[in-house]
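Beneath this line is the structure, given in structure tokens, with notes to follow.
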Amino acid sequence: MPYLISQAIDRGITPRRPGPLLLWAAAVFACGLAGAGLGVMRHRSMTKLRIAAALRTADQVLTHATRLGAALPRRITAGEVVTIGISDVWLIGRAMNVAGVGVASILACVVVATLLHRTAPPLALVVLIGVPALGVVVGPLLRGTQRAGSRYRERQGALNARLVDVVGGLRVLNGLGGSATHLERYVRESARLRDQGYRVGRPSSWVNALGDGLPTVFLAIVIWVAARMAAAGQISAGQLVAVYGYTAMLIIPVSVLIFCGFDLTYGLVAARRVTGFLNLPLDDPGGDAGPARPSALHDPESGVTAEPGRLTALAGARPADATEILDRLGRYLPAGHVTWGERSLEDIARDIVRDRVLVAENHADLFAGPLREVVAGRRDPDDDLIRAAIDAAVAHDVADDLARPVEWGGRNLSGGQRQRLRLARALHADPEMLLLAEPTSAVDAHTESAIAERLAEARSGRGTVVATTSPVLLDRADVVHYLVGGRVAATGTHRELLAAEPGYRTLVTRVFGGDE
């Protein structure tokens with residue numbers, strides 16, 4: 001465009017020739033139309049690239065999260081995943097635009113320098129020296145932004161993790177009167193994150209200021225040199241206008257290059273978090289076939305053995321110890337030397353373990369949908385089997401209508417109803433070995449007694465392990481492992497341990513006030 005304008009001045013206006021003036025004016029008009037069309041295409045292409053990159057990254061994250069399955073919350077916080085999905089993928093999308101507009105900006109600088117060299121070599125020298133000089137000035141600020149941004153991003157993930165935890169447990173916190181305490185803690189951590197954001201903003205603000213200001217200073221220097229050359233008669237009036245146009249247009253690619261560095265800096269910080277997540281190791285799905293018949297699960301680390309066809313209970317002062325044992329037996333944690341029959345659990349194909357051994361946790365998600373589909377899970381709904389599972393879980397108050405809608409996470413159900421619905425889902429799956437973690441912690445004593453009786457009947461002939469300190473469940477167990485420090489301290493029936501183990505007796509009576 002500046003070249004065409006200079007030709008219109010030198011060949012049309014200066015010699016007062018209407019024909020060439022109209023011809024070059026028409027060329028300027030055509031160039032303007034082409035620039036407008038290309039601008040629309042550029043914007044559409046950049047937007048498409050940015051969104052496609054962000055969504056492809058989100059697909060990769062979601063796919064990997066799905067493959068991690070139940071191992072996901074054991075390896076990364078939900079808040080970190082939320083931050084990746086909401087913030088990081090879009091920063092990566094913006095960074096992907098750097099390749100296109102960055103190359104175009106460099107090409108634009110080279111073309112302008114070439115045109116200036118044809119007009120006046122000293123001006124080209126100013127451009128060739130000035131553009132790299134801008135990079136030298138801005139580079140250290142970008143590195144400072146990247147370091148501060150990395151620290152900010154770590155705190156942001158931690159704060160979001162706390163927010164997800166608080167929102168997920170809001171009912172419990174309100175019931176215990178702890179919501180105010182957690183709110184105060186969140187406010188304090190949020191203030192620290194804000195202060196960290198100010199530290200990120202300092203170099204970022206300088207980058208923004210320099211991105212807008214330095215090209216203008218650069219323009220002033222070039223125009224000053226060109227004006228002196230025009231006054232000395234070294235270049236024509238049209239060439240002076242062209243130099244001004246070239247340099248004014250040069251502001252855009254120079255500014256773009258600076259902001260490309262800015263976007264790339266934040267994109268690299270986000271990409272490190274995403275690749276860190278994608279590098280979380282998956283369980284190897286391959287392996288040997290499982291035992292041909294139902295067999296015992298044995299954990300040498302704790303001394304727990306779960307026999308097929310028997311109801312086994314794990315009782316300990318620390319529920320986390322029993323939960324960890326269940327996770328090892330179900331191979332959600334490194335199974336170490338756990339055996340299934342005569343074989344190492346680690347050597348058996350993961351899908352076979354998942355099909356035959358089920359770990360049912362209290363915080364397992366309930367997906368939205370009709371009640372029959374929630375209970376049936378991945379199986380085709382069979383109303384008779386569903387009602388039998390609901391009856392065994394004493395969940396009649398939930399299941400008057402199998403078409404009843406269940407909201408995500410069971411938000412339209414009480415805590416006790418959600419717990420019994422999870423139990424019904426686990427019983428309906430009818431695995432060879434069922435591992436239950438505190439299945440009656442949210443129900444009243446009468447319901448708990450009914451569940452204990454029906455659970456034993458429903459699982460007759462199948463292996464079941466229950467982590468609990470409930471006397472009614474313990475009394476129904478065929479064998480009870482009393483845990484101290486995560487290891488079996490004594491084994492027997494509930495009544496035998498009450499008579500022989502003071503520690504076990506103290507545990508049960510302490511938790512339930514001596515009411516057997």
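Throughout, residue positions are numbered sequentially from 1 according to the sequence presented. Just so you know, these numbers come straight off a predicted model, no measurement behind them.
Atom-to-atom distance recorded for Glu373:CD and Leu371:CG is 10.0 Å, nearest 0.5 angstrom. Interatomic distance, Ile9 CD1 to Leu240 CG, rounded to the nearest 0.5 Å: 9.0 Å. In this structure, the separation between CG on Leu326 and CD on Glu438 is 9.5 Å, given to the nearest 0.5 Å. Taking CG of Asn97 as the start and CE of Met46 as the end, the distance is 4.0 Å to the nearest 0.5 Å. Separating the CG atom in Leu268 from the CG atom in Asp263 is a distance of 11.0 Å, to the nearest 0.5 Å.
Under the salt bridge (Lys or Arg N to Asp or Glu O under 4.0 Å) criterion, Arg318 pairs with Asp321, sequence neighbours left out. Under the salt bridge (Lys or Arg N to Asp or Glu O under 4.0 Å) criterion, Glu324 pairs with Arg328, not counting sequence neighbours. For Arg378, the side-chain hydrogen bond (donor to acceptor under 3.5 Å, both in side chains) partners two or more places apart in sequence, or in a different chain, are Asp355. Among residues two or more places apart in sequence or in another chain, the side-chain hydrogen bond (donor to acceptor under 3.5 Å, both in side chains) test is passed with Glu361 by Arg74, His363. Applying the side-chain contact (heavy atoms from CB on, under 4.5 Å) test to Trp408 and every residue at least two apart in sequence or in another chain returns Asp365, Phe367, Ala368, Arg411. Take Arg425 and apply the side-chain hydrogen bond (donor to acceptor under 3.5 Å, both in side chains) test, not counting sequence neighbours, and it matches no residue. Legend: residues meeting side-chain contact (heavy atoms from CB on, under 4.5 Å) with Arg17, ordered by chain and number and at least two apart, are Pro15, Pro20. Taking the side-chain hydrogen bond (donor to acceptor under 3.5 Å, both in side chains) definition, one finds that Ser105 meets it with nothing, sequence neighbours left out. Applying the side-chain contact (heavy atoms from CB on, under 4.5 Å) rule to Gln417 yields the partners Asp397, Val398, Leu413, Ser414, Arg420; only residues at least two apart in sequence or on another chain are considered.
Asn279 CG: more than 12 foreign heavy atoms inside a 6.0 Å radius.
The shortest side-chain heavy-atom distance between Arg67 and Thr63 falls under the 4.5 Å cut-off. At a threshold of 4.5 Å between non-hydrogen side-chain atoms, the residues Leu297 and Val357 count as touching. Looking at heavy atoms from C-beta onward, Val269 lies out of side-chain contact with Leu91 at the 4.5 angstrom threshold. Counting heavy atoms from C-beta on, the side chains of Lys48 and Arg44 never come closer than 4.5 Å. Between Val338 and Glu346, every side-chain heavy-atom pair lies at or beyond the 4.5 Å cut-off.
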Can you give the donor-acceptor pairs under 3.5 Å from side chains of residues 50-59 to other protein atoms, not counting sequence neighbours?
from	atom 1	to	atom 2	distance (Å)
Thr57	OG1	Ala53	O	2.7

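Among residue pairs with one or both ends in residues 4-13, those qualifying as side chain to side chain donor-acceptor pair (under 3.5 Å) are Gln7-Arg11, Asp10-Ser236; sequence neighbours excluded. Counting only residues at least two apart or in different chains, ring-ring contact (aromatic ring centres under 6.0 Å, His included) contacts with residues 45-100 comprise His64-Phe277.
Each of Ile386, Asp401, Val406 was checked for a side chain to side chain contact (heavy atoms under 4.5 Å, CB included) with Arg372, and the lone residue meeting it is Ile386.
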